[in-house]
Amino acid sequence: MARTTEILAGLNRAQQEAVETVDGPVLVLAGPGSGKTRVLTHRVAYLVREYGVPPWQIVAVTFTNKAAREMRERLYHLMGDQFRQLTIGTFHAICARILRREADAAGISPRYVIYDRTDQLSLARRAVRDLNLDDKLFRPQAMLRRISKAKNELITPAEMRPATYRDEVAWRIYERYETLLAENSALDFDDLLVRAVRLFRQNAEVLAGYRRRYPFVLVDEWQDTNMAQYELVKLLAGERANLFVVGDEDQSIYAFRGADYRNVARFRKDFPHACVILLERNYRSTQTILDVANAVIARNIQRQPKRLYTEQGGGCQVTAIEAYDEQEEGDIIISEIQHLVARGQARLGDCAVMYRTNAQSRPIEDAFVRRGMPYKLVGATRFYARREIKDVLAYLRLIHNPYDGVGLSRIINMPPRAIGQKTVGGLVKWAAEMGVPVYAALQVLAEAEEAEESEGKVRAPLGTRAKRALLAFTALIEELSRARQGLNLLELLDLVLERTRYATYVQDGTEEGQARWENILELRSVARDYADLPPETALTTFLEEVALVSDVDDLDEQVDAPTLLTLHAAKGLEFAVVFIVGLEEKLLPHSRSMDDPEQMEEERRLCYVGVTRAKERLYLLHAFRRTLYGESEVREPSRFLADIPLHLVKGWEEKQAARQPSLGLEPGRFLGRMRASVASFAAAQRPKPSAVERPSPTALRFRTGDQVQHKVFGQGVVIESRLSGDDEQVMVAFAGVGLKRLMASLAPMDKVATTD
DNA sequence: CTGGTGACAGTTTTT
DNA sequence: CTGTCACCAG
C-alpha cells in the first residue's frame, strides 16, 4: 500500500496537478503514452488517502472491461483491499446494475435479459417482417444501424421526424422493434444507457440518491462517449460537478458507433470553470516516432493543437517500405522480425502488425504460416458469439426469463427435437392472437393438457405430434426452472447440458464437435466462478456479466509471438516494434471515408493511433499492387505517408537531396533492397524460435514453431503445447482460420516440419 | 433435418 | 475472391 507521498512521487507536474485538483470539474487532455491511467488511478488513491473520501463514494467509468480490470489491478496495488469498495466498471455494466436495482422506477422487468448484436438482428428481422416489408429492401442490419444511432442520440420513436419515405419506414420499424424488446423483457446494449438516462431524467428522487452515493465521478476515454453517455455523466455529476474526465480528441476512432469527439469541446462549454490540464509528455515512444505522429495528426483541423514530446531521445529512423504486393508485404515483415530477433533487438512478442481491415490479415497470416512463424490473431470469433455458447446461454436465459423470445426460438429445436418451422410458426401465431409471449402460450398448452379439457377451451393451431413435442419441451424447461433453486450455477449448467442432451449432441465425434465441446467446458469454468453465490443472484449476475463481456481473458500474454490486429483493436496497447501495413489510398484512408472531410480526419486519427503504439521501431508498409475482391490493382501510397518529414524516414534523405517533391516511392529501388535482405535472411537463418519459447516437457509430441497439416483446417503453426490431463493440448494458428485449440490425440493432424 | 445453391456484400465494432 | 444467409430439395 502506498503512502501519500508515494502517490505523488514519480508523477510529472501536469500529472500531479491533475491528481491534486480535487474540487470541481477537471478535463485532462492526455496524449498517447502520457500516463493517463496512472493519473486516473493515482487520483482515486489520492482522494481516499489524502482527502479522506470514502472509497464507496467514487465511481470510475471505462469503456472496456479490460480497462476496468486494469484499473482495478492498479488500484489494488495503490490502496490494497480498500479498492473493493470502489465502483469501477464500464458504462454498460454500471447502467445494467442500476437498472436491475431500480427496475421498478425504470419501468422494466428486474429479470430483463440483455440482447447482443445477434439477438438484436433477429429482433430487427422480425420487426421488418411483422410490418410486411421486404427485408431485401429494408435490410435489418441497416435498420438496426439507424435505430442504434437514434438511441445513441436519445431519440425515441415518438421524437423521430421522418423526412423521407425511407425514414418513415425506419421509424415504424424502430417502433415495432421497441415493442418487441418490451414483449421479450429484453434490453439491447444501447437501451442500458438510454434507460438509465431516462430514469435519471424522470425520477428526481432516484437521481438524487445516486448523486449522493457518488459525489466523485471519473471517466476514462472521454472522446469516445456518445450523447447518451455524456448526458448520463452530466446528470450524475450534477451542478456541483466533481467530475474528472480524461480523453484525447486525436484518438477518437469510434464515430461510426456514435462516439463524438466533440464531447471534449462540449465539456469545456458546459463546464466553463473546468480546470483543463494538458498531458503532452510521452513515456512510451522515441522522439522520432512522436515526430511522425505529430506530423500526421497536425493536418487535422478540428482539434486543439497539441505536441507530444519525450525526454528519452531520438531513437532510430522509421522505415518505409514498398512491397510488390500483399504477399511480399507479409514476407518483408517476417524477415524483419527474424532479423530483429536474431540480433537480440526484440522478442517475437514485442512485435505487432496492424492493418485497417480484417481482410488484410489473411495474406499476412499466410506468410506467417508459410515461413513457420507463430503469431497471435486478435479479433477472431469472439467467445460469447460462438454458436454453442449462445445456445447454452439461451437455455440459462430462458430459465431466468422465459419471455425471452429470441432465446426461445434459438433453442426450441436445438438439439433437434421434432419442432420444425411450421410448428414454431403456428405457435408464434397462436401466441400473438392471444397477445401473450410465446412461452406463456406453451404454458397455456401445458395446463390445458393437464386439465384434460383441451378440446373445448384451447384451440391451438397445432397437430397432435407437434403438440406432443412442444409439451415435452415445455416440461423440460419447467423442470430446469424448478431445479434452479437447489443448485449452484455450475450444477445448473451441467443439468442443462445433460437434460437437454446438448452435451451428447455437440460431441458428435467430429473435430469440430470436439472444439465446440471444449468451448462449452470453457464456459463451465467461467460458471464455476459463480458457484459460491446464492442460486438466485448467481444466475442473474452471470448472465449480466457474460452479456457485457465480448471475450474471456486470453492468456495470450504468455505466448511469445507477434500480434496481428486491426488499428482499432490496437488502441490502448503498446509494442516495441510496430508494422503498419496497407498504407495506401483507399485502404488507409479507406475508400469509404474519402469524400467526407470528417471521416477523413478520423482515418488520420486511426493512423495516428497506430503510429503512437510503437515504442522503439516503426515500419510503414504499402504495396505496389494489391488483390482485392479477386482483382489485382495498382495502388497509390497513402497521403499520410506524404505528410511525414523526409528526415525521419530511413532512405528518404536522398529524396530530399534530389528535391523530389512527390512521394512516389519508386518500387524498384526499395523493393530491390528489401528483396535482397529477404533472401539473405532466409538463407542465413534457420529460424530458431526455440531460443525464446518457454520450455516444454520433452514427452510432448508438438512444440512451438512446428508446422502441422490438419485434415480440416489445413496448414498451421504450433503456438503452444501443454499437458492437459493425460492428453496434450495444442494451440495452433491456421492460415485463414485463426487460432484453434486441439487435443493431440483426437485431432487429425500431423507434423510436417519441426523447428530444429 | 441436412446439404446444396445462388445471390450479395465486403471498414472499423470497446458494450 | 470469400463468407454468409435465405431458401429449397431430398
Side-chain angles (χ1 to χ4, degrees), chain A residues 61-70 89-96 114-122 125 129 134-136 139-142 144-145 148 151-152 187-194 220-221 223-226 228-229 251-259 326 354-363 378-379 381-382 384-385 413-422 505 508 544-551 565-573 582 586-594 599 602-603 605-607 609-610 626-633 736-737:
Chain A
V61 193
T62 64
F63 271 82
T64 64
N65 292 297
K66 195 171 156 229
R69 198 162 51 229
E70 244 170 59
T90 65
F91 270 103
H92 295 266
I94 289 173
C95 287
I114 299 169
Y115 276 6
D116 70 8
R117 251 199 63 86
T118 321
D119 303 323
Q120 289 181 53
L121 205 59
S122 31
R125 190 167 294 125
R129 292 197 181 153
D134 183 355
D135 62 4
K136 294 236 157 49
R139 223 165 253 104
Q141 283 225 32
L144 210 51
R145 248 202 312 276
S148 177
K151 287 191 178 187
N152 286 161
L187 300 182
D188 65 20
F189 280 143
D190 300 322
D191 280 338
L192 295 173
L193 308 170
V194 172
D220 194 9
E221 306 280 16
Q223 76 284 350
D224 286 339
T225 50
N226 60 33
Q229 287 159 331
Q251 291 184 71
S252 169
I253 54 174
Y254 284 104
F256 68 95
R257 298 178 89 244
E326 66 271 13
M354 302 176 186
Y355 33 81
R356 174 71 238 260
T357 68
N358 276 312
Q360 287 170 262
S361 79
R362 184 65 184 269
V378 175
T381 326
R382 297 176 175 287
Y384 288 105
N413 196 33
M414 185 63 69
R417 49 172 75 92
I419 302 177
Q421 269 181 359
K422 239 181 84 200
Y505 168 70
D508 54 2
E544 184 172 300
E545 287 181 16
V546 149
L548 296 176
V549 163
S550 55
D551 246 319
L565 73 182
T566 63
L567 287 161
H568 281 92
K571 196 172 125 193
L573 306 177
K586 288 154 78 182
L587 202 49
L588 182 60
H590 196 271
S591 53
R592 299 234 175 169
S593 304
M594 299 277 248
Q599 286 189 57
E602 181 140 321
E603 296 290 318
R605 293 194 288 268
L606 205 44
C607 184
V609 165
R626 185 175 295 275
T627 305
L628 273 175
Y629 308 139
E631 204 107 18
S632 175
E633 204 185 43
V737 178

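Just so it is clear: chains get the letters A, B, ... in the order the sequence lines come, proteins before strands, and each one is counted from 1.
Nucleic acid contact for A/Y254: base, since at least one base atom lies under 4.0 Å from a heavy atom of the residue. Residue A/R605 is classed as having no contact, given no heavy-atom separation below 4.0 Å to the nucleic acid. Using a 4.0 Å heavy-atom criterion, one finds that A/N358 contacts the sugar-phosphate atoms exclusively. Across all strands shown, A/D116 has no heavy atoms under 4.0 Å from either base or sugar-phosphate atoms. Contacts of A/A418 with the nucleic acid, taken as non-hydrogen atoms under 4.0 Å apart, involve only primed sugar atoms and P, OP1 or OP2.
With respect to A/E326 and A/R362, no salt bridge is recorded, no charged nitrogen being found less than 4.0 Å from a carboxylate O.
Nearest-nucleotide assignment on DNA chain B puts the 5′-proximal partner with A/Y629, out of A/K571 and A/Y629. With DNA chain B read from its 5' end, the first of the two nearest nucleotides for A/F63 and A/N413 is the one closest to A/N413.
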(request) Apply side chain to side chain contact (heavy atoms under 4.5 Å, CB included) to A/L567 and A/I253, showing your working. (result) CA-CA 9 Å; A/L567 287 161; A/I253 54 174; over 6 Å; no
(request) Kindly determine whether A/E544 and A/I114 satisfy side chain to side chain contact (heavy atoms under 4.5 Å, CB included), including the steps that lead there. (result) CA-CA 7 Å; A/E544 184 172 300; A/I114 299 169; 4.2 Å; yes
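Note that the first and last nucleotides of DNA chain B, 5' to 3', having any atom under 4.0 angstrom from a heavy atom of chain A are B/dC1 to B/dT15.
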(request) Could you run through nucleotides 4-10 of chain C and give me one letter per nucleotide, 5' to 3': B if any protein heavy atom sits under 4.0 Å from the base, S if only the sugar-phosphate is that close, - if neither? (result) --S----
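Side-chain contact check for A/Q141 versus A/R117: some heavy-atom pair is nearer than 4.5 Å. Residues A/S148 and A/N152 are in side-chain contact: their nearest non-hydrogen atoms beyond the backbone lie under 4.5 Å apart. Side-chain contact between A/Q229 and A/L193 is present, with heavy atoms from C-beta onward closer than 4.5 Å.
The gap from the P atom of B/dT12 to that of C/dC5 amounts to 15 Å, rounded to the nearest Å.
Looking at A/M354, A/R356, A/Q360 one by one, the single match for side-chain contact (heavy atoms from CB on, under 4.5 Å) with A/L588 turns out to be A/R356.
Using bins of under 30°, 30° to 60° and over 60° for the plane-to-plane angle, the ring pair A/F256/A/H568 lands in the perpendicular bin.
A/E70 pairs by the side-chain contact (heavy atoms from CB on, under 4.5 Å) definition with A/K66, not counting sequence neighbours.
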